Protein chains: 2
Amino acid sequence: MPRTSTKAAAPARRLASDYRLEDQVGFLLRRAYQRASSNLVERIGSYDLTAPQYATLARLYERGALSQNLLGRLVAMEPANIRDVVLRLKKRRLVATRRDPTDKRLILIDLTAAGTALIEQLIPIEIECTATTLAPLKANERKQLYDLLGRLADG
Amino acid sequence: MPRTSTKAAAPARRLASDYRLEDQVGFLLRRAYQRASSNLVERIGSYDLTAPQYATLARLYERGALSQNLLGRLVAMEPANIRDVVLRLKKRRLVATRRDPTDKRLILIDLTAAGTALIEQLIPIEIECTATTLAPLKANERKQLYDLLGRLADG
DNA sequence: CCGATATTGTTATGATCATAACGATATCGA
DNA sequence: TCGATATCGTTATGATCATAACAATATCGG
C-alpha cells in the first residue's frame, strides 16, 4: 500500500506572514495546466505526440499552410521553439515545408497526407480529453472558466 | 511601426469540422500560465530567479525545512526536476542541505539566511505581480477563477 | 530611390518538464 | 524476522520554453 509521506516537516517558524503560494494565480495555472496536459498525453501519448505537437498539427488542420513564424504565434510558441517542433514533425513526415515564392524569408509549413490523417484521428480524442479535464466543473462553470482564462491570456 | 504579419494563410480547406483549438482548456491554460509567468519574470527576473525557483523558496519559507521529495510535491515538480532546482539554489547559497538523521534516504532542504532575506524581499513583489495578472478580472471573478482552477488541479 | 527599421528564421545558452530505470533505505505483512 | 513492496534520490533521455544575438530579406518614409 502506498504511503504518502509527510515526513521531515520542520516546526512552523519565521515571520509567517499571511502569504500562501496557493493564493498566487501563476501557481494555480501551472498546476491546472499540468493536469490538462497529462490528461492529453495519457490519451494521445501512444501516438508519440506531445501537447504542443498536437496543437501545431491542429492549427495547420484548421488554417492550412502557414509560415513558420505565424504558426508559432498561433500556437503561442517562440520562433526558436516552433522551429524545433516543426523539425520533429517534419522528420516524421507529418508536415512538409517549402519556400514562399513571394517572400524569401518565409518557410511555409503544411500537413502531409499522413499528418492530416493523424490529426483527424486525434481531434475526437482530444475533445473527449477536454471533457475529462473539465469533469469537475458544471456546464455553466466551464463557460465561466473559458471566459476568465481568455481574458487573462489576452491581457 | 511594427507590422503584425498575417501572411501566408492558405484558403480555408479540408473537412473543417467545428473544432477550434481555442476551445480546448489545455491550450487556454497554457497561454494564461505563460502570461502569468512572464509577468513574474518581468518583476523578479532581475534577481535571476525563475517562477519555479521562486515557488521553491516561497514553500521553504512557509514550511521550513523539507525533504527534497516532499518539497517537490509541494511545488508540483517531479523528483528529477526539483533536484535540479535545488542544486541551482544551493549553488547560489540560497538553500542548504543536510541528511535526515532518522531516515537516511532523505535530504533536508532549508533556506539560508541569504535565501530567507531574498524571499522576504520578493514576496511583496509577487503579490503585486499577481494583482497585475488578475487586473483584467473583477474581484468576484478572481474569486471564481481561484475556485475553478483549484478544482481543476485537484481533479 | 534608398537608408532606417521590421520581420523571419537560425543559433546558442540555460532552465524547466516528464518519463523510465536504478540502487539504497524503510516499511509492511505474514 | 524477513521477504515483498514502497519511497527517496539519482541518472539518462528527449521535449519544451524563454532570451539574446545574428544574417537575410522586406518594408517604410523621406
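Just so it is clear, the structure is predicted and the values come from calculations on it, not from any experiment. Each chain gets a letter, A, B and so on, in the order the sequences are listed, and its residues count up from 1.
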Hey, can you pull the donor-acceptor pairs under 3.5 Å for the side chains in residues 129-138 of chain B, sequence neighbours left out?
residue	atom	partner	partner atom	Å
B:T130	OG1	A:Q24	OE1	2.5
B:T130	OG1	B:E126	O	3.3
B:T132	OG1	B:R43	NH2	2.5
B:T132	OG1	B:E128	O	3.3
B:T133	OG1	B:N39	ND2	2.9
B:T133	OG1	B:C129	O	3.2

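DNA chain C lies under 4.0 Å from at least one heavy atom of each of the following residues of residues 27-45 of chain B: B:Y33.
Distances were taken from every side-chain heavy atom of A:P79 (C-beta onward) to each of C:dA15, C:dT10, C:dT8; the shortest belongs to C:dT10. Taking the side chain of B:M77 as heavy atoms from C-beta on, and the options D:dC17, C:dC17, C:dA26, the nearest nucleotide is C:dC17. Closest contact between the side chain of B:D84 and the listed nucleotides C:dA18, D:dT25, C:dT16 involves C:dT16.
Between the CG atom of B:L87 and the P atom of C:dC17 there is a distance of 16 Å, given to the nearest Å. A:R105 has its CZ atom 8 Å from the P atom of C:dG9, to the nearest Å. Atom pair B:I107:CD1 and C:dA24:C1' shows a separation of 12 Å (rounding to whole Å applied). One can place CG of A:D100 at 11 Å from C1' of C:dT8, the figure rounded to the nearest angstrom. In this structure, B:D103 places its CG atom 17 Å from P of D:dA6, rounding to the nearest Å.
Each of B:P101 and A:R83 has a nearest nucleotide on DNA chain C; the 5'-most of these lies closest to A:R83.
In terms of phosphate contacts, A:N81 brings no side-chain nitrogen or oxygen within less than 4.0 Å of OP1 or OP2 of D:dC17.
Nucleic acid contact class of B:E78 (heavy atoms, under 4.0 Å, all strands): base.
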